[in-house]
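Encoded as structure tokens, the structure appears first; notes follow it.
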Amino acid sequence: MPSQAIGIFDSGIGGLSVARAIIELLPSESLLYFGDTARVPYGTKSAETIRQYSLDISRFLIESGCKAIVVACNTASAAALGTLRETWPDTPIVGMEPAVKPGANATRTGVVGVLATAGTFQSQRYSTLMQRYASDVTLLENPCIGLVEQIEAGELDTATTRRLLEDILQPMLQQQADTFVLGCTHYPFVAPLIQEIIGSGRTLINPAPAVARQLSRVLQVHHLLAPPEAIPNHQLFFSGDYSGTEALAKYMLGGAFPIAPLTL
Ligand code: DGL
């Protein structure tokens, strides 16, 4: 039913960057967000493990009455999107993928820096994207070890995070990368710092607005868009300690929403 919430999940707070884009584009929609902070990070775990987590979380979202699901995690989308769609063929399920195509279109030097997780880089989904869209450009990949943990800890602009990002980005800049793709939904939390390091003349691509547009199209096709006069009701659940999460959620969403712990 159009009045039901959209279920959205990630390994932690990262998917809130996608939630923000959805709230901006579709302000009448209600979101039920699940952040699996007890098991973050996903990017270093096996695809089979992430598939199982994704099935459990999606089952919870569907049993909670969600009309659609957004897998607001590149790693989980790479590992589980096909399985989720097979398991719930009647529920629209929208996923993420690293913006390799927009990156390849935007670059002038022919060199694109891709920041994602190890799980995403190892996936079939990523290989397919590379073959399809990036045969004419050089992709410089970095799995950003430790960055998700820094972001979950709220270290968005500390000396350690800055050093970590400089170590990732400087070699890409030296190799003439002029376009950078945020291939993990956590990374928009440090987009200002990344932009500062790469300089204002270079392009930083966050796929979240494109995912929100795709969700809008899918809801429209299924006649599931909330009526414009609907009053949204957002709920956020986190599986682990979320003491610091409230401030991070407020930072990303631009407002305070109810947060509660939840173990699946
Ligand atoms: N935010 C997720 C992604 O987009 C996962 C990060 C992680 O838990 O490693 O890939």
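Side chains are part of it too, since the values below use all heavy atoms of this structure and drop only hydrogens, waters and symmetry mates. First listed ligand is number 1; within each ligand, the first listed atom is number 1.
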Report yes if some N/O of T44 lies less than 3.5 Å from some N/O of ligand 1; otherwise report no. no
Have a look at ligand 1 and work out which part of V40, if any, has a heavy atom under 4.0 Å from it: side chain, backbone, both or neither. side chain
Polar contact flag for H186 and ligand 1 (N/O pairs, less than 3.5 Å): yes
Give me the residue, atom name and distance of the protein heavy atom closest to atom 7 (C) of ligand 1. Y42 N, 3.3 Å
Are the charged groups of E155 and R162 less than 4.0 angstrom apart, N to O? no
Using distance alone, decide if ligand 1 has a nitrogen or oxygen within less than 3.5 Å of any nitrogen or oxygen in T185. yes
Residues passing the side-chain hydrogen bond (donor to acceptor under 3.5 Å, both in side chains) test with S243, sequence neighbours excluded, are D241
Under 4.0 Å to a heavy atom of P41 - the qualifying atoms of ligand 1, by number: 7 (C), 8 (O), 9 (O)
Can you tell me which portion of T117 lies within the under-4.0 Å heavy-atom range of ligand 1? Options are side chain, backbone, both, or neither. side chain
So with a 6.0 Å cut-off around CZ of R85, is the heavy-atom count from everything else above 12? yes
How long is the straight-line distance from OG of S46 back to CZ of R51, given to the nearest 0.5 Å? 8.0 Å
Sub-3.5 Å donor-acceptor pair from the side chain of D36 to the main-chain atoms of S11, do we have one? no
S11 to ligand 1, any heavy atom closer than 4.0 Å: yes
For the hydrophobic clusters of this structure (ILVMFWY residues joined by side-chain heavy atoms under 4.5 Å, transitively), does one cluster hold both F121 and L164? no
Co-members of the apolar cluster containing L81 [side chain, <4.5 Å]: F9, L32, F34, Y42, I50, Y53, L55, I57, F60, L61, I62, I69, V71, L84, W88, I93, F237, L262, L264
Protein heavy atom at shortest distance from atom 9 (O) of ligand 1: G43 N, 2.7 Å
Protein contact of atom 10 (O) of ligand 1 - nearest heavy atom, named by residue and atom, plus distance: T75 OG1, 2.6 Å
